[in-house]
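Input: a single structure, listed below in structure tokens.
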Amino acid sequence: MVVNVFTRLIGLGLALLAALAAIVLVTGLAPGAAGVFSFDPGSAIDGTPVIENLSTALAITVPLTVTAFLIAFVLGAAIGLMAGLTPGATADRLLSAKALVLTALPPLGIGLILVLVFSVLFDLVPTGIVGPNGEALPAIRWVMLPALAIALPVAGSIALAVRDGFAAIVTAPHVAAARARGMRRREALLRHGMRPLLAVLFRVAAVNLSYVFVVSLFMEPAFFLPGIGRLLLSALVENDNMVLRAVLMLIVVVVIALRLVHVLLAPLIDGRPAPAEAS
Amino acid sequence: MIRPPPLAEPNRALLIVGLAITVPLVVLAIIGAFWTPFPIAEMDLTARLMPPGPNHLLGTDHLGRDLMSLLISGHTNGHAAAATALFGAAVLGVPLGVLATGRIAATILTILGEVLLVLPALVGAALIASVFGPSLWAVTIVLGLGALPFMVRVVRKAIVGRLTPGLVEASRLAGREGFGIVFTHGIRAVPMPLLAAIFRLFAIAVMAEASLSYLGLGAQPPQVSLGTMWRDGQVFMGTQPLVVLLPTLLLFLSVLAFSLLARAFDAPARRLRHAAA
């Protein structure tokens, strides 16, 4: 287990170094850059400090990511647990099929269809974060539709992963042994299945949180939300290397930090000495 | 005499349903490489955003281009990018996966795999785009690199999972050593999980190509992708919803069909079903 976590940590460290080096190399020789080795984020080509750009964009991306993740996790875990409780039964088959269909939904297409229905055809929810009279809208008004578009496919893949993990626990030999000793199914699962289930849920949550973050970046342009994804695109179009550098570094650091938490905490939550092939 | 346990077989029902959708889709992609009803760059500004009609069966987009032609061409480009990326990843990944059954190679490849695994394709595509300019090739390369660690991991896991201590012991007694055992007994376990991984990664790659192209990091005009159709259609979908609905539907079908195929070859998920039945 130690070797396993250790090799992963070295990999993560390398990933961070390689990504940061590549980002600095690509954006570093820009006019106005503070220098290759400086951590001063400098200012954007319109003169505003990059930090300011980042913080206003994060105020969009973070609520979007968190909302989408919560919807996806609650929905996905519920479907997955119901399906996995009776592996092979009709309920399992129907729910698994439903989850598989969900995973195939293209988030961007769903997002655009939601915009079409709610904003263009019926004018119920405005796109962007500004209302018709130029007033700033509360987050709840602009976050729900894009969050839903992101969450539906992710809920599907969370459901499938939780289903497979839970089904493995339900049919595990040690649970069967507990039942053979006279425990009821419910008792056996509560007593012997909770910790492995927690490990499954944690692994699924950790993997998908990072995925939801990245999909949020893709979703922002569809809803005219001025978040990190939008900032990345405008930096690319305007050749704004200081903003590009800061945005890419931010994405890399967020993704690697989430993975770090996953790699470090997973063995603690699982509690078993990991077999050599644990992934 | 020690016999290795029989290998799992693909799920017949899922396989048939999956093939029933994927085969026509792949045929459409191949046809699209050589022929579309209209040339995709042919604009007719007098017939913009037309509804479906006898001349243009699915209507036209905001430049008067034939929607069906765009759809077929975008479908072809998406499938071509995904297929190229996965072919490259498999050619590199399968030998590396076999190699990774050795202890030292496993450590090195785990470390390198972690590097590729954790970095999102978006970052790679943005970096390539800012140096060389965006292109479908850039997306293909990024997708191939992203798929590589999964290939290595799947091959290695299949082999190591097959080589139980008893089997290895018996094979040693029969005079085999090291990779000899891997090639005699381990390799046979690779195809099923590898196919499952390839189909799953294909579904992901097709979706990722469209998404990256939507952001402008992939296919460039006059090249078409389902993602560029979203991008162009976004402004005009109030007048002509088909410009957004059709690429979404086609992409959904592709992803669903390849996910079904992947599930058909995914033995562990099915083994649990048998155990409970």
Side-chain angles (χ1 to χ4, degrees), chain A residues 3-4 7-8 10-12 14-15 18-19 22-23 26-27 86-89 92 96 100-101 103-110 112-113 115-116 120-121 160 163-164 167-168 170-171 210 214-215 217-218 221-222 229 232-233 236-237 239 241 244 247-248 251-252 255-256 259 263 276-277 279, chain B residues 106-107 110-124 126-127 129-131 134 153 156-157 160-161 203 207 210-212 214-217 226-227 230-231 233-234 237-238 241 244-245 247-249 251-260 263 268-269 272-277:
Chain A
V3 174
N4 215 337
T7 47
R8 275 168 208 288
I10 297 177
L12 279 181
L14 265 184
I23 293 167
V26 166
T27 61
T86 51
D92 175 28
S96 294
L100 197 67
V101 172
T103 58
L105 294 174
L108 279 168
I110 298 304
L112 290 174
I113 291 173
V115 171
L116 178 66
V120 179
L121 295 184
L160 287 180
R163 181 254 167 226
D164 288 354
V170 169
T171 54
S210 154
V214 176
V215 179
L217 306 180
F218 282 91
L232 171 67
L233 286 191
L236 273 173
V237 171
N239 266 325
N241 280 296
L244 183 64
V247 167
L248 289 179
I251 298 174
V252 166
V255 171
I256 290 186
R259 177 81 184 157
V263 168
E277 295 323 309
S279 53
Chain B
T107 311
T110 311
I111 292 175
L112 292 182
E114 194 73 25
V115 175
L116 288 177
L117 207 62
V118 73
L119 297 176
L122 178 61
V123 172
L127 281 177
S130 77
V131 181
R153 195 183 265 199
R156 172 184 142 74
K157 206 171 170 178
V160 174
M207 183 96 87
S211 307
L212 287 166
Y214 169 75
L215 292 188
L217 297 173
L226 297 181
W230 279 334
R231 188 183 162 89
Q234 191 172 356
M237 63 187 177
V244 166
L245 293 180
T248 306
L249 186 65
L251 188 61
F252 169 70
L253 270 183
S254 285
V255 176
L256 180 65
F258 282 97
S259 306
L260 282 172
R263 203 82 181 153
L272 295 170
R273 232 160 269 163
H274 288 302

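Below, read A as the first sequence line, B as the second, and so on, with proteins coming before strands; counting in each chain starts at 1.
In this structure, the separation between CG on A:Leu105 and OG1 on B:Thr248 is 10.0 Å, given to the nearest 0.5 Å. For the atom pair CG of A:Leu217 and OG of B:Ser211, the computed distance is 11.5 Å after rounding to the nearest 0.5 Å. From B:Ser259, atom OG reaches atom CG of A:Leu160 across 9.0 Å, with rounding to the nearest 0.5 Å.
The candidate with the highest count of non-hydrogen atom pairs below 4.5 Å against chain B, out of A:Leu12, A:Val115, A:Val215, is A:Leu12. In terms of heavy-atom pairs under 4.5 angstrom with chain B, the leader among A:Val214, A:Leu244, A:Leu233, A:Leu14 is A:Leu233. Interface summary for chain B: among A:Val263, A:Ile110, A:Leu100, A:Val237, the most heavy-atom pairs under 4.5 angstrom belong to A:Leu100. Ranked by heavy-atom pairs under 4.5 Å with chain A, the list B:Leu249, B:Val123, B:Leu127 is led by B:Leu127. Residue with the most contacts toward chain B among A:Leu112, A:Leu248, A:Ile10, A:Thr103: A:Leu112 (heavy-atom pairs, distance under 4.5 Å).
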Pair up each side-chain donor or acceptor in residues 111-118 of chain B with any protein partner under 3.5 Å, not counting sequence neighbours, and list the distances.
{"unit_1": "B:Glu114", "atom_1": "OE1", "unit_2": "A:Arg8", "atom_2": "NH1", "d": "3.1"}
{"unit_1": "B:Glu114", "atom_1": "OE1", "unit_2": "A:Arg259", "atom_2": "NH2", "d": "3.4"}
{"unit_1": "B:Glu114", "atom_1": "OE2", "unit_2": "A:Arg259", "atom_2": "NE", "d": "2.6"}
{"unit_1": "B:Glu114", "atom_1": "OE2", "unit_2": "A:Arg259", "atom_2": "NH2", "d": "3.1"}

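The shortest distance between side-chain heavy atoms of B:Leu215 and A:Leu232 does not fall below 4.5 Å. Annotation: side chain of B:Leu217 is in contact with side chain of A:Leu236 (closest heavy-atom distance under 4.5 Å). Using a 4.5 Å heavy-atom cutoff, the side chains of B:Leu119 and A:Val255 are not in contact.
The contact between B:Phe252 and chain A is made by backbone and side chain atoms together, counting heavy-atom distances below 4.5 Å. Heavy atoms closer than 4.5 Å to chain A are found in the side chain of B:Thr110, but not in its backbone. Of the atoms belonging to B:Ala126, heavy atoms from both backbone and side chain fall under 4.5 Å from chain A. For a residue to count as touching a neighbouring chain, one of its non-hydrogen atoms must lie under 4.5 Å from one of that chain's; by this rule A:Ile256 touches chain B with backbone and side chain alike. For a residue to count as touching a neighbouring chain, one of its non-hydrogen atoms must lie under 4.5 Å from one of that chain's; by this rule B:Leu260 touches chain A with backbone and side chain alike. No part of A:Val247 comes within reach of chain B, as not one of its non-hydrogen atoms sits under 4.5 angstrom from that chain. With a 4.5 angstrom heavy-atom cutoff, B:Met207 touches chain A only via side-chain atoms.
A donor-acceptor pair is defined here as one N or O able to donate and one able to accept, closer than 3.5 Å; such a pair exists between the side chain of B:Gln234 and the backbone of A:Ala222.
Nearest approach of A:Val101 to B:Leu256, heavy atoms of both residues: CA-CD1, 3.9 Å. Listed here is the closest heavy atom pair of B:Trp230 and A:Pro106: CH2-CB, 3.8 Å. The minimum heavy-atom distance linking A:Phe218 with B:Tyr214 is given by the pair O-CE2, 3.9 Å.
Judged as a side chain to side chain contact (heavy atoms under 4.5 Å, CB included), and not counting sequence neighbours, the contacts of B:Pro241 are A:Leu116, B:Leu245.
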